[in-house]
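Remember, predicted model here, so these are calculated numbers, not experimental data.
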There are 2 protein chains.
Amino acid sequence: MFSQACKYAIRAVLYLAVHASAGKKVGVKDIAAALDVPKYFLAKILQQLSRNNLISSTKGPSGGFYLSEKNLEATLKEVVECIDGPDVFNACILGLPVCSSENPCPLHIQAFAYREGLHYQLKHQAIGDLAKRIEREEQKI
Amino acid sequence: MFSQACKYAIRAVLYLAVHASAGKKVGVKDIAAALDVPKYFLAKILQQLSRNNLISSTKGPSGGFYLSEKNLEATLKEVVECIDGPDVFNACILGLPVCSSENPCPLHIQAFAYREGLHYQLKHQAIGDLAKRIEREEQKI
DNA sequence: TAAATAAAAGATTTTTTTGTCTTTTATTAT
DNA sequence: ATAATAAAAGACAAAAAAATCTTTTATTTA
């Protein structure tokens, strides 16, 4: 479903939502260590998210990554599409160029019902709210 | 979700279910042309399915691939797991080593419902029955 | 039995994804 | 101002996935 890069992106964003803030920025090194993820690869991913204003950063001493109030209002759908492209939730599960409710592939109904559910959740839940649940239920990231 | 190879596999199997039979075998070349899929790559995939008794084949003139009665009773779950491995429907969507209902990752609930639905369909619908629906509704493969 | 055919198997290449390292630029604290 | 720090950017390497080509083996029909 998601590329490796995208999985790292989601986890990093959620990690920042829970553990960082404008007053407590976190460096790549720390995030990579906490998530057990390749450092340099993660750096690239964070840069891409930063360029697209999904996460915030400052250089220099006491610099690092964090989520602004605005960032916390974004959704994981935006994060996913930033890394894996805009078609993740629309592309035909069998790779057919045309596949829709009018012109469905043999798996369209099955795939659509359930993928649309995930899509809906990622689209309507703010990252900040997700983070609150993670803290409340003490979920691992 | 599925690898390219797996998408080709599903489509090829459904194609065979609809267009081939023990008395009317179809060669790789024809399948590849009909599905617009790389010929040699598809050949490899069909070999793997054949080795695992999910499709049938005979060599030589008037040889080719087809689905036996037994093959038609199998499911796409078996096809998918044959190509993409046994963990496709169980692996954590974020790639976490441990992720279950007891110890859920932040997306477990959302992802589980989505994937389990698809899993259920692919597991309980015989390929032969799927083929009937494809013919009835004239779906593209 | 021989020629033709088509899958099986093996080897190789190309492309994409993932991962690493180095240099540059911006920021901050001294 | 200067040194230290950390992200940004660029170049590169390794691994995996996708795709191609060649040789071998089995089967059938003439």
(message) If the cut-off is 4.0 Å, is A/Arg51 near the phosphate of D/dA9, judged by side-chain N/O to OP1 or OP2?
(response) yes
(message) Less than 3.5 Å apart, any donor N or O on the side chain of B/Lys25 or B/Thr58 sitting next to an acceptor on the other?
(response) yes
(request) Could you check how far CZ of A/Phe2 sits from C1' of C/dT16, rounded to whole Å? (result) 20 Å
(message) I'd like to check B/Ile45 versus B/Tyr8 (side-chain heavy atoms, cut-off strictly below 4.5 Å). Are they in contact?
(response) yes
(request) Would you name the heavy atoms of A/Phe65 and A/Leu16 that are closest together and state the gap between them? (result) O-CD2, 3.6 Å
(request) Could you check how far CG of B/Leu35 sits from P of D/dA19, rounded to whole Å? (result) 13 Å
(request) Starting from the 5' end of DNA chain C, give me the residue, A/Leu42 or B/Gly27, whose nearest nucleotide shows up first. (result) B/Gly27
(request) For A/Tyr66 and C/dT27, give me the distance from atom OH to atom P, rounded to whole Å. (result) 12 Å
(request) Using whole Å, report how far NZ of A/Lys29 lies from C1' of C/dT20. (result) 16 Å
(request) Return no unless some side-chain N or O of B/Ser62 is found under 4.0 Å from OP1 or OP2 of C/dA6. (result) no
(message) For C/dA6 and B/Ser57 - does any side-chain N or O of the residue sit under 4.0 Å from the phosphate oxygens OP1/OP2?
(response) no
(message) So, does B/Tyr40 get its side chain near the phosphate of D/dT22, meaning an N or O under 4.0 Å from OP1 or OP2?
(response) no
(message) What is the separation between atom CG on A/Leu49 and atom P on D/dA9, rounded to the nearest whole Å?
(response) 13 Å
(request) Please state how far atom CD in B/Gln47 lies from atom C1' in D/dA26, giving the value in whole angstrom units. (result) 13 Å
(message) Taking the nucleotide of DNA chain C with the nearest heavy atom to each, does A/Thr58 or A/Lys39 sit closer to the 5' end?
(response) A/Lys39
(request) Just compare C/dT18, D/dT5, D/dT28 and give me whichever is closest to any side-chain atom of B/Pro61. (result) D/dT28
(request) Using a cut-off of strictly less than 4.0 Å, decide whether B/Tyr8 has a side-chain nitrogen or oxygen near OP1 or OP2 of D/dA19. (result) yes
(message) Of the options C/dG19, D/dA18, C/dT27, whose atoms approach the side-chain atoms of B/Phe41 most closely?
(response) D/dA18
(message) Once you measure the plane-to-plane angle for A/His119 and A/Phe89, does it fall in the parallel (<30°), tilted (30-60°) or perpendicular (>60°) bin?
(response) parallel
(request) Please report, rounded to the nearest Å, how far the P atom of D/dA17 is from the CD1 atom of B/Ile45. (result) 13 Å
(message) Nearest whole Å is fine: how far is D/dT5 P from A/Lys25 NZ?
(response) 17 Å
(request) Give a yes or no answer on whether the side chain of A/Asp84 reaches the backbone of A/Ser3 with a donor-acceptor pair at less than 3.5 Å. (result) yes
(request) Identify whether any heavy atom of A/Gln4 sits under 4.0 Å from a base atom; if not, whether one sits that close to sugar-phosphate; answer base, sugar-phosphate or nothing. (result) sugar-phosphate
(message) With hydrogens left out and only the distance checked, is there a donor-acceptor pair under 3.5 Å joining B/Lys44's side chain and the base of C/dA9?
(response) yes
